[in-house]
Amino acid sequence: MNKHIVIVGGGYVGLYTALRLQRTLRRELRAGEVNITIIDPQSYMTYQPFLPEAAAGNLSPRHLVAPLRRVLPKVRILNGTVTKVHHAERTVTFQPAGGQARDISYDVIVMAAGSISRTLPIPGLTDIGIGFKTVGEAIALRNRVLHLLDVAESTDDPEVRRRALTFVVVGAGFAGVEALAELEDMAKDSTRYYRNIEPSDLRWVLVEATDRVLPEVGPEMGKWTLEQLRERGIEVKLETRLESCVGGHVVLSDGSAFEADTLVWTAGVKPSTVVNSGDLPLDERGRIKTTAALTVAGTKGAFAAGDVAGVPDVTNPGQYCAPNAQHAVRQAKVLADNIVRHLRGEQLADYRHKYVGSVAGLGLHQGVANVYGVKLRGFPAWFMHRTYHLSRVPTLNRKVRVVVDWTLALFFKRETISLGEVEHPRDGFRAAVATMRR
């Protein structure tokens, strides 16, 4: 009897689960006894820890994504979104990138849709705000920073110049600190090519609602990171909230106000909206309620893991596993094995983990790490950061490409060119058509 496994989401959990199933169920896939389908809006998986390096120009954006169809030749890839999960009927409603929606039946479903940016109803946030979860956002942000250096160099208006050279990052977790540190390093390095811009002209502001930065690496390393950022001239405002940013006029809860053209929002994530469009149970935080065996609580034939799932931490009773790549990759291994056990009628295993620690990059040759209780900072931490994440990148092909990018960066200066026009490729053509009409 043919079994159909549908995986909703092609991120960490989706890709690694499918990779392991593709290996473990080779015979069944070849015989047609099992079919696997991944549904995701994109045809690739993004390795998000490398987004800051892509934004800074240290990595080609193509090298931090894994093409699903190439990596998973035995898996059917459908590009689009799931708008409804009918687990009672074992179907999902699939809206493809083009064409009419249709229902797809399944025997086993894996909810691995990940997370989206968690925003707040702050006035003006959509005026200048940009997230930092996708390749598109990372490259658009890089282009924006470099473009604004061009703007500041080319104007005689001090207000326009000051506004262009002011950059705000909200959220002092991994995403915020790493994005800010890499972009600040790139922008400072780029000023050598401008006659009228000095590194001291750049203003970088980090806004954090709590009283610490990088809580993931512990108080001691977080304090050291804070000191390093401030030594670099970065304004770090702790216990401060963004009140509004209408038209680029930034107002903070500490009473300060200033103009800025760029605001990066990294203040947390929330489960993908697909969790609210079905009949699967949710926990108090809006995540899919999940058991330690990564099954959806109270259901059969449904599994969940990663940011979209509330997975109990059996090593720390009463707590949940953090929504990070370290857990997602490990959970995928247990999840895939439990799906195989489920198909074969065997007992499922619980997800248990031993906390490795955390590493963060703070720009070229700078980092902070707390691994197995060993605390590192500076170059050793930066080297460990790169080494660890290189080991996590899927496929040998991507690993080699990343190493080549890093090797070339040792011998050649980084590219500091804004290609913002790639975001609006038809503007020039439209202008030419308008001129001809006139």
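Y47 and H389 have their aromatic ring centers within a separation under 6.0 angstrom. Ring-centre distance between W406 and F412: not below the 6.0 Å cut-off.
Closest non-hydrogen pair, P394 versus A66, comes out as CG-CB, 4.0 Å. Of all the heavy atoms in Q347 and R341, the pair that sits closest is O-CD, 3.0 Å. Shown here for R69 and S43, the closest heavy-atom pair between the two residues is NH1-CB, 3.4 Å. Closest approach of G80 and I39 over heavy atoms only: O-CG2, 3.9 Å. Here the shortest heavy-atom pairing between V75 and I36 reads CG1-O, 3.5 Å. When all heavy atoms are compared, the tightest approach of D279 to H86 is OD2-C, 3.8 Å.
Ionic pairing of D337 and R20 is present here: one or more N-O contacts between side-chain nitrogen and carboxylate oxygen are shorter than 4.0 angstrom. Ionic pairing of E28 and R344 is present here: one or more N-O contacts between side-chain nitrogen and carboxylate oxygen are shorter than 4.0 angstrom. For E208 and K237, the salt-bridge test fails: no basic side-chain N is under 4.0 Å from an acidic carboxylate O. Comment: R386 engages E53 in a salt bridge, judged by a side-chain N to carboxylate O separation of less than 4.0 angstrom. At a threshold of 4.0 Å, the pair K133-E137 does not count as salt-bridged, since none of the basic side-chain nitrogens sits closer than that to a carboxylate oxygen.
For the atom pair T166 OG1 and L202 CG, the distance stands at 9.0 Å (nearest 0.5 Å). Expressed to the nearest 0.5 Å, how far CG of D103 lies from OG1 of T91 amounts to 5.0 Å. Note that the CG atom of L141 and the CZ atom of F167 stand 9.0 Å from one another [nearest 0.5 Å]. Here NZ of K300 is found 14.5 Å from CG of D107. Values are rounded to the nearest 0.5 Å. Taken from CD in E184 to CE in M186, the straight-line distance is 10.0 Å, to the nearest 0.5 Å. In this structure, CD1 in I77 is found 14.0 Å from OH in Y44, a value given to the nearest 0.5 Å.
L180 places a side-chain heavy atom less than 4.5 Å from the side chain of I234. Side-chain contact between T299 and P281 is present, with heavy atoms from C-beta onward closer than 4.5 Å. Within the 4.5 Å cutoff, the side chain of V314 has no heavy atoms near those of the Y351 side chain. Side-chain contact between L229 and E227: absent, with no pair of heavy atoms (C-beta onward) separated by less than 4.5 Å. Side-chain contact between L280 and V85 is present, with heavy atoms from C-beta onward closer than 4.5 Å. In this structure, M45 and L68 have side chains that are in contact, with non-hydrogen atoms separated by less than 4.5 Å. At least one side-chain heavy atom of I339 sits less than 4.5 Å from a side-chain heavy atom of T17. For the pair L335 and V13, the minimum side-chain heavy-atom distance is below 4.5 Å.
No donor-acceptor contact under 3.5 angstrom links the side chains of H385 and Q366, judged on distance only.
Residue-environment remark: CZ (R241) stays at or below the threshold of 12 foreign heavy atoms within 6.0 Å.
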### Chi angles and distances behind the side-chain hydrogen bond (donor to acceptor under 3.5 Å, both in side chains) call for T315, D313
CA-CA 5 Å; T315 65; D313 186 348; 2.5 Å; yes
### Message
One pair to check against side-chain hydrogen bond (donor to acceptor under 3.5 Å, both in side chains): H4 and T37. What are the steps and the verdict?
### Response
CA-CA 8 Å; H4 187 199; T37 299; 2.8 Å; yes
### Derivation of the side-chain hydrogen bond (donor to acceptor under 3.5 Å, both in side chains) call for R144 and T262
CA-CA 8 Å; R144 184 172 185 79; T262 307; 3.2 Å; yes
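Using cut-offs of 30° and 60° on the angle between ring planes, the pair Y106 and H87 is parallel.
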For residues 287-295, please give each side-chain donor-acceptor pair under 3.5 Å, one per line with the distance, not counting sequence neighbours.
| unit_1 | atom_1 | unit_2 | atom_2 | d |
| --- | --- | --- | --- | --- |
| R287 | NE | D283 | OD2 | 3.1 |
| R287 | NH2 | D283 | OD2 | 3.1 |
| T290 | OG1 | I288 | O | 2.8 |
| T291 | OG1 | A293 | N | 3.2 |
| T291 | OG1 | T295 | N | 3.3 |
| T291 | OG1 | T295 | O | 3.4 |
| T291 | OG1 | T295 | OG1 | 2.7 |

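In this structure a side-chain-to-backbone donor-acceptor pair under 3.5 Å is present from R398 to R62.
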